[in-house]
Asks: 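Got a structure for you, questions after.
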Amino acid sequence: MLLAVPNVSEGRDEAALDAIAAAFEPLLHRSADPDHHRAVFTLAGEPGELHRRVVAGAREAIARIDLRQHEGVHPRVGALDVAPIVFLRREDRGAACAEALVLADELGRLGVPVYLYGELAGGRTRAQLRRAGGLAAFTPDFGPRAPHPTAGATLVAARPPLIAFNVKVDAPVQTAREIAAGLRTDLDVRALGLELRSTVQVSTNIEDHTRVSAADVVAYVAVRAPVTGAELVAPAPRAALEGFPPGVPLRGPGAIEDLSC
């Protein structure tokens, strides 16, 4: 069994999100945020089957999302922005790589250029592809060479679980940005400081939860600013939440037993 965690650049239109979710079904989890203007879906399936459901959801996302009218705080390159295939056991890595490559080929056939990242692309990162002018510096691995006029491009990888984890702070956004810079340097965690409508947030992606946990991130942030809450964006391995401080409110799906590996 593998997971797919497609992220789409829509976090406000419930009708669009319902249609995309129905195409992905069955789902393990769905979350959306209007400030990020983004939704994250988690689905599980067997190799050879999982990519078909991701492609079905991609068709809906392409039909319903127009990046020319998109405004949100989260960086993005496409309507279906990223579509990683996730392996939970090292022995499933080969199956995940094969499924990701099939997915990338099928997405390219929808008229969307697809760029690989991570191990499938020699370690190339999402940040490299998302930065200003980043896509122009690379040739798509699948699909057309030019971005889709309304749906942009899509990034695909095969990877172990990534912990998308946000920490709310009672501090100016400049402080959050300084904390994010420190997290990137000191803990090697992907991080951004963001100002949302109702809060300031340190948004992180923990790429190796066996080395850095969500509790480690909270502890790092709390030394530098008051922490008022935290959010797990998608299901995570139970080990990623070990030692989480009970005094910090945590929103989100928490751990799924099947991911405890």
Asks: Does a side-chain heavy-atom distance below 4.5 Å link Arg184 with Arg190?
Replies: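 No. Closest side-chain heavy atoms not under 4.5 Å.
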
Asks: Carefully, step by step, assess Val217 and Val202 under the rule side chain to side chain contact (heavy atoms under 4.5 Å, CB included).
Replies: CA-CA 10 Å; Val217 171; Val202 180; 5.9 Å; no

Asks: Between Tyr115 and Thr139, what is the shortest heavy-atom contact and its length?
Replies: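 For Tyr115 and Thr139, the tightest heavy-atom pair comes out as CE2-C, 3.9 Å.
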
Asks: Check the hydrophobic clustering (I, L, V, M, F, W, Y; side-chain heavy atoms under 4.5 Å; chains of links allowed) and say if Leu2 and Ile163 are grouped together.
Replies: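 Result: no, two separate clusters.
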
Asks: Which heavy-atom pair separates Leu88 from Pro161 by the least distance, and what is that distance?
Replies: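 Heavy-atom minimum between the residues: CD2-CG, 3.8 Å.
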
Asks: For residues Ile65 and Thr150, determine if any side-chain heavy atom of one lies less than 4.5 Å from a side-chain heavy atom of the other.
Replies: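 No - every pair of side-chain heavy atoms lies 4.5 Å or more apart.
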
Asks: Considering only heavy atoms from C-beta outward, does the side chain of Lys168 approach that of Val227 to under 4.5 Å?
Replies: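 Sidechains of Val227 and Lys168: no contact.
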
Asks: Give the minimum heavy-atom separation between Pro245 and Val218, together with the two atoms involved.
Replies: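 The answer is CG-CG1, 3.8 Å.
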
Asks: Drop me the distance from Ser213's OG to Asp208's CG, to the nearest 0.5 angstrom.
Replies: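 Reported to 0.5 Å precision, the distance equals 11.0 Å.
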
Asks: Are Leu80 and Val112 side-chain neighbours, meaning at least one heavy-atom pair lies under 4.5 Å?
Replies: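 No; the side chains remain at least 4.5 Å from each other.
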
Asks: Ignoring hydrogens and geometry, is there a side-chain-to-backbone donor-acceptor pair from His36 to Val73 under 3.5 Å?
Replies: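 Answer holds: no.
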
Asks: Looking at Arg30 and Glu14, does any basic side-chain N land under 4.0 Å from a carboxylate oxygen?
Replies: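 Between Glu14 and Arg30 there is a salt bridge, with a charged N closer than 4.0 Å to a carboxylate O.
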
Asks: Return yes if some donor-acceptor pair links the side-chain N/O of Asp18 with the main-chain N/O of Ala15 below 3.5 Å, else return no.
Replies: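 Checked: no pair found.
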
Asks: Work out which heavy atom in Ala95 is nearest to a heavy atom in Pro47; give both atom names and the distance.
Replies: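 Taking Ala95 first and Pro47 second, the nearest heavy atoms are CB-CG, 4.1 Å.
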
Asks: Would you name the heavy atoms of Pro235 and Pro253 that are closest together and state the gap between them?
Replies: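 Minimum heavy-atom contact is N-CG, 3.4 Å.
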
Asks: Are Asp81 and Arg126 close enough for a salt bridge, meaning some N to O gap below 4.0 Å?
Replies: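 Result for this pair is no, no salt bridge flagged.
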
Asks: Has the side chain of His70 got a donor or acceptor atom that lies under 3.5 Å from a matching backbone atom of His37?
Replies: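 Confirmed, His70 side chain pairs with His37 backbone.
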
Asks: Just by modelled atom types, is the Ala164 backbone N or O under 3.5 Å from a matching donor or acceptor in the Asn166 side chain?
Replies: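 Side chain of Asn166 to backbone of Ala164, a donor-acceptor pair under 3.5 Å: no, none is there.
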
Asks: For atom CD of Glu49, decide whether the heavy atoms of other residues, nucleotides or ligands shown that lie under 6.0 angstrom number more than 12.
Replies: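 Result for CD/Glu49: enclosed.
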
Asks: Starting at CD1 of Ile206, measure out to CG of Asp188 and round the result to the nearest 0.5 Å.
Replies: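 Between atom CD1 of Ile206 and atom CG of Asp188 there are 11.5 Å.
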
Asks: Is the closest side-chain heavy-atom distance between Pro160 and Phe87 below 4.5 Å?
Replies: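 Touching, per the 4.5 Å side-chain cut-off.
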
Asks: Less than 4.0 angstrom from a charged side-chain N to a carboxylate O is my criterion; do Glu178 and Arg224 meet it?
Replies: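 The answer is no: the pair does not qualify as a salt bridge.
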
Asks: I need the minimum non-hydrogen distance between Val156 and Leu107, along with the two atoms involved.
Replies: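 The pair with the smallest heavy-atom distance is CG2-CD1, 3.9 Å.
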
Asks: To the closest 0.5 Å, what do you measure between CD (Glu46) and CE (Met1)?
Replies: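 Output value for this atom pair is 5.5 Å.
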
Asks: Is there a path of hydrophobic side-chain contacts, each under 4.5 Å between heavy atoms of I, L, V, M, F, W or Y residues, that connects Val40 with Leu196?
Replies: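 Not linked; separate clusters.
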
Asks: Taking the side chain as everything from C-beta on, heavy atoms only, tell me whether Leu129 gets closer than 4.5 Å to Val77.
Replies: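 No; the side chains remain at least 4.5 Å from each other.
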
Asks: Using the rule that two of Ile, Leu, Val, Met, Phe, Trp, Tyr join whenever any of their side-chain heavy atoms come within less than 4.5 Å, decide whether Val55 and Ile85 are in one cluster.
Replies: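 Linked, Val55 and Ile85 end up in one cluster.
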
Asks: Should Val82 and Val114 be counted in the same cluster of Ile, Leu, Val, Met, Phe, Trp and Tyr side chains packed under 4.5 Å apart?
Replies: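 No; Val114 is not reachable from Val82 via cluster members.
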
Asks: Donor-acceptor pair, distance only, cut-off 3.5 Å: does the side chain of Arg53 make one with the backbone of Ala44?
Replies: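 Between the backbone of Ala44 and the side chain of Arg53 there is a qualifying donor-acceptor contact (under 3.5 Å).
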
Asks: Quick one: does Ile62's side chain get under 4.5 Å of Leu110's, heavy atoms only?
Replies: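 Contact flag for Ile62/Leu110 side chains = yes.
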
Asks: Could you check Leu183 against Val221 for side chain to side chain contact (heavy atoms under 4.5 Å, CB included), going step by step and ending with a plain yes or no?
Replies: CA-CA 8 Å; Leu183 284 166; Val221 174; 4.3 Å; yes

Asks: Just by modelled atom types, is the Ala39 backbone N or O under 3.5 Å from a matching donor or acceptor in the Glu10 side chain?
Replies: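 No.
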
Asks: With the 4.5 Å side-chain cut-off for hydrophobic clustering, are Leu162 and Phe41 part of the same group?
Replies: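 Result: no, two separate clusters.
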
Asks: So, taking the atom named CD in Gln174 and the one named CD in Glu195, what distance separates them when rounded to the nearest 0.5 Å?
Replies: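 These two atoms lie 11.0 Å from each other.
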
Asks: For the side chain of Arg124 and the backbone of Phe138, is there at least one donor-acceptor N/O pair under 3.5 Å apart?
Replies: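 The answer is no, because no donor-acceptor pair under 3.5 Å joins these two groups.
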
Asks: Could you check Val189, Val233, Leu192 and say which one makes a side-chain contact (heavy atoms from CB on, under 4.5 Å) with Thr204?
Replies: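 It is Val189; the other options fail the test.
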
Asks: Phe165 vs Phe244 aromatic rings, parallel, tilted or perpendicular, using cut-offs 30° and 60°?
Replies: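 Judged by the thresholds at 30° and 60°, the geometry between Phe165 and Phe244 is perpendicular.
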
Asks: Tell me whether Arg12 contacts the main-chain N or O of Pro34 through its side chain, where contact means a donor paired with an acceptor under 3.5 Å.
Replies: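 Checking the backbone N and O of Pro34 against the side chain of Arg12, a donor-acceptor pair under 3.5 Å is found.
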
Asks: Are Leu17 and Asp13 close enough that some pair of their side-chain heavy atoms sits under 4.5 Å apart?
Replies: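 The answer is no, as the side chains (C-beta and beyond) never meet within the 4.5 Å cut-off.
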
Asks: Go through Asp105 and Leu101 one step at a time and tell me if the side chain to side chain contact (heavy atoms under 4.5 Å, CB included) criterion holds.
Replies: CA-CA 6 Å; Asp105 181 55; Leu101 291 172; over 6 Å; no

Asks: Hey, mind stepping through Gln201 and Asp35 against side chain to side chain contact (heavy atoms under 4.5 Å, CB included) and telling me if it holds?
Replies: CA-CA 11 Å; Gln201 179 185 91; Asp35 291 314; over 6 Å; no

Asks: Are the side chain of Arg145 and the backbone of Pro140 linked by a donor-acceptor contact shorter than 3.5 Å?
Replies: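 A pair under 3.5 Å: no.
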
Asks: What distance separates Gln128 CD from Tyr117 OH, expressed to the nearest 0.5 Å?
Replies: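 Between atom CD of Gln128 and atom OH of Tyr117 there are 13.0 Å.
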
Asks: Say you draw a straight line from OG1 of Thr154 to CG of Asp141; how long is it, rounded to the nearest 0.5 Å?
Replies: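 The CG atom of Asp141 is 12.0 Å from OG1 of Thr154, to the nearest 0.5 Å.
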
